[in-house]
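Heads up, the thing below is written out as structure tokens.
Remember, it's 1-based here, ligands and their atoms both numbered in the order they're listed. Values in this document were obtained by computation on a predicted structure and should not be read as measured data. In what follows, residues are counted from 1 in the order of the sequence shown.
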Amino acid sequence: MDLIKLSNALIPDTDLLAPEEYESIYPPRNLEKGALVTRLAPSPTGFIHLGNLYSALADERAAHTTGGIFYLRIEDTDEKRKVDGAVESVIRSLKYFGIKFDEGAEIDSPLNNYGPYYQRQRAKIYRSFAKKLIAQGLAYPCFCSAEELDATREKQTQNKETTGYYGAYAKCRNLSEAEIYENLAKNKPFVIRLKSQGSIENKFTFNDAIKGDITVTENDQDVVILKSDGIPTYHFAHAIDDHFMRTTLVIRGEEWLSSLPVHLELHKALGFKPPRYAHTCSLMKMDGDTKRKLSKRKDPELSLDYYRKAGYYPLAVVKYLMTVLNSNFEEWELKNPDGDYRDFKFKIDKMGKSGALFDLEKLCDVSKTEISKLSAEQCYDFLKEWVDEFGTQTDKTHFADKEYIIKVLNLVMGTSGKKRRKDIERAEQGVRLIDYFFDDTFKVKDEYKYDKKTVNEVLKSFAELYDPADDNSAWFAKVKQVAGKVGFATEMSDYKANPEKYTGNVSNAAEIIRIAVTGSANSPDLCTIMSILGKERSLKRLAEGRV
Ligand code: GLU
């Protein structure tokens, strides 16, 4: 068969460059030895998830700890799944978590020498190489219709055989020259398939950067490389793009591991040295007693937007993911509580080999700790950013009074003392936590544990005694006085010695006042809260707290 003629008949484009030319258009990168080139290659579906961030963080760390490059490529070959604004959303979401690309789609960088970074704009490169493979007898046209392929699949399933296009099932593999031209003359649509040279009789060992040595079976499937509309499949685009964008380490989800033999065969057919691969394990969660994969349908926490809406501190999400990526990060953090996570020596081979557990509760703890390290001013900025994007109009009005919120935060975070409070775990919860400092959002949530008479007596007497000029101890002496008035023990030691003698103690009296003033039985220092609220408002709450 005249293969050159065939390649011209199948890919008649006159504007293609010769495959060799691409080697000089995209030369090997001029980087230090050991520098890794990594990429994030999402499809622009508009759904950016935790797995993307997990991978991106590994990519970014691997590149930037070795003096390499981390770039963004958009895998937009599937037009149907494309969503407007999805690329900007990937960049914005990752930037929120402090992850930046060095080059790539929509990245303003002088380094953008390996583009275009959108696969749809790279059609000529794929077609040039598909043509070469046809001319070499390593690829061929397939005219099978969807119905024929379905019938084959059904038959294979019935026979309990591997499904796909291979061996005797690869009908178009052995079409004669005459048959091919006859189909072309009839304008029958066709795809281009790889003519696999592999055999499932052969196994080989492959070294994955995360999973270590893995024994796999050679590929024998004649996979599609160009679809009937001339657009490449993921397999073909991956081999060509990662070669010409000079990726040295492909970090991707373990769902791609089963296609690895196809990818290695494609690299061989194309004459490329394959990159190193690192297949990451899936993110899992505990569901009752069982561990399962995070699912788009069931778990809102899979979406990255979830973390922004709930207001987790972005650095906390990154730090928590670092512990999931490299389990020794936690130990490093303990030794370097104020260190920059970028100083930790991230190692790709220390990543978990199977099912990484993602625990929202742990993330909450990390988020609390990170927020507690902020100054009141920094915390204000963080909460304000959330309020601007997700808060109610009332929240916005509250946050317009920066001075007041800073006073509140100084108290709620304990910034004046040595021991910081960890009451704020995320922005949404933090904003709601301070609702009681404003009349329009103040609500009594907890119930008094005493009868009406006692409650009213405590609140009334305390209101009579309250003087905003009192310091903490004078304030507390007055609570004691009120406690004594309703028959509560004024000293805890007395109460502990003879609990049966009293109906309550001074801390029960304080709790009644606390519920009236803050709406809740738990709060930071009540004396300071009342001074922040001011005399008038405090007295109003003491009056309105009566039952
Ligand atoms: N577009 C592929 C995906 O989103 C990328 C896989 C890869 O990183 O190679 O799953």
For ligand 1 and Ala41, I'd like to know whether there is a polar contact (N/O to N/O, distance under 3.5 Å). yes
Of all the atoms in ligand 1, which lie at a distance below 4.0 Å from a heavy atom belonging to Ser43? 1 (N), 4 (O)
Against heavy atoms of Glu75, which atoms of ligand 1 measure under 4.0 Å? 1 (N), 2 (C), 5 (C)
Ranked by distance from atom 7 (C) of ligand 1, the top protein heavy atom is Tyr234 OH, 3.2 Å
Within reach of ligand 1, part of Arg39 (heavy-atom separation under 4.0 Å): side chain
Rounded distance [0.5 Å steps], CD in Gln221 versus OH in Tyr169: 11.5 Å
Has Thr66 got a side-chain atom pairing as donor or acceptor with Ala63's backbone, closer than 3.5 angstrom? yes
Given Phe101, which of Tyr71, Tyr117, Phe70 fulfils the ring pair (Phe, Tyr, Trp, His ring centres under 6.0 Å) condition? Phe70
From the options His235, His243, His238, select the one residue that forms a ring pair (Phe, Tyr, Trp, His ring centres under 6.0 Å) with His267. His238
Distance flag, aromatic centroids of Trp256 and Tyr277, threshold under 6.0 Å: no
